[in-house]
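Data block below; observations after.
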Amino acid sequence: MKHKIFIAGVWGIGNISIMEEFDEDPEVEFLKEDFFLAKQMRKVWRFVNQRLGGHGSGIVRWFLRTKFWDNQYALSHCDFESNEENDVVIFNSALLHYYSKEYFERLRQKYQNIRYILYIIDPMPNGLWKEIQYVMDVFDEVMTMHPYNCQKYGFQYLPYAYAQPKIEKPVENLEKINLFYCGVVDDYRQELLKEMIRQCEHNGIKFDFWLKPYQNNDMKHAHVHYIQIPYAENVQRLKNAECILEIMHEGYVGITQRYLEAVIYNKRLITNNVEIKELPYYDSRYMQYFEKIEDIDWEWLRTDEKVDYHYKGDFSVQAWKQNLLQLLEEAG
């Protein structure tokens, strides 16, 4: 039986770099640009919401449900007729921005050999469940990378993949540091990072923070950089750090890219992810949970004990593919 996996809805430079590892696999097609007007639509989304005080999403979503936009989806141009079965995996990243239940239904009316799989990589914070409920019945299977989501909602567990990026341009003269952070900032994270900086200075911790520009960017420090760096550079910098800092979005839990990086590159991890102790490879010698910045054991960060999680390669892209196919086979 000939079948093919199509992957769509992937956002974020780290996630995209991982899924690009499938470019050499003839059984997988990664749709990097899965909606041809994605950038323009995000601008429209923000503009409408700003003008209507946060109430514009319904108007934009209604407009996207119409047939007018069908030709803008990469899925509309895929060769489904060459396969007996087509497993279309939709990451939830883009699901709520421009995909619609109506579009998926129209596409399957045209191609009956499509099986839709919703892959939830977000930890289902407040508000997301209601949005996903609306489109849920169009999907044949719902899978998640978070054990928490499986326990609460009954989804199937599909561990995420990770791929080391290709280093085409090495960063020169990198200094060894104690603590590295790279990520987006919101009001919640910004307040935690301000206190983190104060504590790092007080405890003599060398740190390097790279933040996506945010509002007034008011954390002024020589080791705080407001710029979005390529993921390959991100990895080079974290490799020169003893420890990775992770600050979850408020209310989030689950497996994250920071966690995967810590395991694969054998780095310590400081995180406020309350679920960290439930995750595979958790080791209290190398991972520290904090609820408040004051909880952090700075002496632990200075220890010279070698980190080794004994990683078995079970987060590779090929392992992800095989796990997916096994779950689909079991589901029938």
From [X] [atom1] over to [Y] [atom2], what is the distance, rounded to the nearest 0.5 angstrom?
X: Leu179; Y: Glu242; atom1: CG; atom2: CD; result: 9.5 Å
X: Trp298; Y: Thr303; atom1: CH2; atom2: OG1; result: 13.5 Å
X: Gln318; Y: Ser316; atom1: CD; atom2: OG; result: 6.5 Å
X: Glu175; Y: Asn240; atom1: CD; atom2: CG; result: 9.5 Å
X: Ile293; Y: Glu191; atom1: CD1; atom2: CD; result: 11.0 Å
X: Glu27; Y: Asn83; atom1: CD; atom2: CG; result: 10.0 Å

(request) Report the C-alpha separation of Asn86 and Tyr111 in whole Å, then their side-chain angles, then the decisive distance to 0.1 Å, and conclude whether the side chain to side chain contact (heavy atoms under 4.5 Å, CB included) test is met. (result) CA-CA 9 Å; Asn86 300 283; Tyr111 303 106; 5.7 Å; no
(request) On the 0 to 90° scale, with breaks at 30° and 60°, tag the His223-His221 ring pair as parallel, tilted or perpendicular. (result) tilted
(request) Could you label the plane-to-plane angle of the Phe207 and Phe209 rings as parallel, tilted or perpendicular, counting under 30° as parallel and over 60° as perpendicular? (result) tilted
(request) Apply the test side chain to side chain contact (heavy atoms under 4.5 Å, CB included) to residues His146 and Gln151: give CA-CA distance (whole Å), side-chain angles for both, the deciding distance (0.1 Å), then the verdict. (result) CA-CA 9 Å; His146 301 290; Gln151 297 167 12; over 6 Å; no
(message) Does either side chain, that of Tyr98 or that of Asp34, offer a donor lying less than 3.5 Å from an acceptor on the other one?
(response)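 Side-chain D/A pair, Tyr98 to Asp34: present.
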(request) Indicate whether the side chain of Glu85 and that of Asn113 have a donor and an acceptor atom separated by less than 3.5 Å. (result)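 Their side chains do not contain a donor-acceptor pair, so the 3.5 Å distance test is not met.
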Side-chain donor-acceptor contacts of residues 325-332 below 3.5 Å, not counting sequence neighbours, with atom names and distances?
unit_1, atom_1, unit_2, atom_2, d
Gln326, NE2, Glu330, OE2, 3.2

How far apart are the closest heavy atoms of [X] and [Y], and which atoms are they?
X: Arg108; Y: Val138; result: NH2-O, 2.8 Å
X: Leu269; Y: Trp300; result: O-CH2, 3.8 Å
X: Ile18; Y: Ala161; result: CD1-O, 3.4 Å
X: Tyr103; Y: Asp70; result: CD1-OD1, 3.4 Å
X: Asp79; Y: Phe6; result: O-CZ, 4.1 Å
X: Ala74; Y: Glu33; result: CB-O, 3.5 Å

(request) Give the C-alpha distance, both sets of side-chain angles, the deciding distance and a yes or no for salt bridge (Lys or Arg N to Asp or Glu O under 4.0 Å) between Lys110 and Glu105. (result) CA-CA 9 Å; Lys110 187 175 181 180; Glu105 290 173 339; over 6 Å; no
(message) Does atom CD (Glu305) have a neighbourhood of more than 12 heavy atoms from anything else shown, all under 6.0 Å?
(response)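 Yes.
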(request) Determine whether more than 12 heavy atoms belonging to other residues, nucleotides or ligands lie under 6.0 Å from atom CD of Gln112. (result) yes
Got [X] and [Y] here, is their nearest side-chain heavy-atom distance under 4.5 Å?
X: Asn71; Y: His77; answer: yes
X: Gln236; Y: Leu174; answer: yes
X: Val89; Y: Tyr116; answer: no
X: Thr256; Y: Tyr160; answer: no
X: Cys182; Y: Ile229; answer: yes
X: Lys292; Y: Glu195; answer: no
X: Met143; Y: Tyr157; answer: no
X: Ile7; Y: Leu31; answer: no

Would you call [X] and [Y] a salt bridge, using N to O less than 4.0 angstrom?
X: Glu233; Y: Arg237; answer: yes
X: Arg115; Y: Glu141; answer: no
X: Lys312; Y: Asp314; answer: no
X: Glu261; Y: Lys267; answer: no

(message) For Tyr309 together with Tyr311, are the ring centres under 6.0 Å from each other?
(response) no
Hydrophobic clustering (ILVMFWY, side-chain heavy atoms < 4.5 Å, transitive) - are [Y] and [X] grouped together?
X: Val171; Y: Val235; value: no
X: Val184; Y: Ile121; value: no
X: Ile177; Y: Tyr265; value: yes

(request) Could you list the residues that satisfy ring-ring contact (aromatic ring centres under 6.0 Å, His included) with His225, not counting sequence neighbours? (result) Trp210
(request) Using the six-membered ring of Phe22, assess whether NZ or CZ of Lys321 lies under 6.0 Å from its centre and within 45 degrees of the ring axis. (result) no
(message) So if I apply the side-chain contact (heavy atoms from CB on, under 4.5 Å) rule between Val88 and each of Asp140, Leu118, Ile114, Ile117, which one comes out positive?
(response)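 Among the candidates, only Ile114 passes.
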(request) Test Tyr73 against every option in Tyr99, Phe104, Phe36 by the side-chain contact (heavy atoms from CB on, under 4.5 Å) rule and name the one that passes. (result)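 Among Tyr99, Phe104, Phe36, the one meeting side-chain contact (heavy atoms from CB on, under 4.5 Å) with Tyr73 is Tyr99.
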Any sub-3.5 Å donor-acceptor pair from [X]'s side-chain atoms to [Y]'s backbone N or O?
X: Arg189; Y: Ile247; value: yes
X: Asn323; Y: Leu158; value: no
X: Arg106; Y: Thr66; value: yes
X: Asn15; Y: Val10; value: no
X: Thr144; Y: Ile120; value: yes

(request) Could you walk me through whether Gln164 and Ile264 pass side chain to side chain contact (heavy atoms under 4.5 Å, CB included), step by step? (result) CA-CA 9 Å; Gln164 300 189 31; Ile264 290 165; 4.0 Å; yes
(request) Only one of Tyr119, Tyr162, Phe315 passes ring-ring contact (aromatic ring centres under 6.0 Å, His included) with Trp320; say which it is. (result)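 Exactly one option meets the ring-ring contact (aromatic ring centres under 6.0 Å, His included) with Trp320, and it is Tyr119.
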(request) Determine, step by step, whether Asn272 and Leu192 satisfy the side chain to side chain contact (heavy atoms under 4.5 Å, CB included) criterion, reporting the C-alpha distance in whole Å, the side-chain angles of both residues, the deciding distance to 0.1 Å, and the verdict. (result) CA-CA 10 Å; Asn272 64 345; Leu192 286 176; 4.0 Å; yes
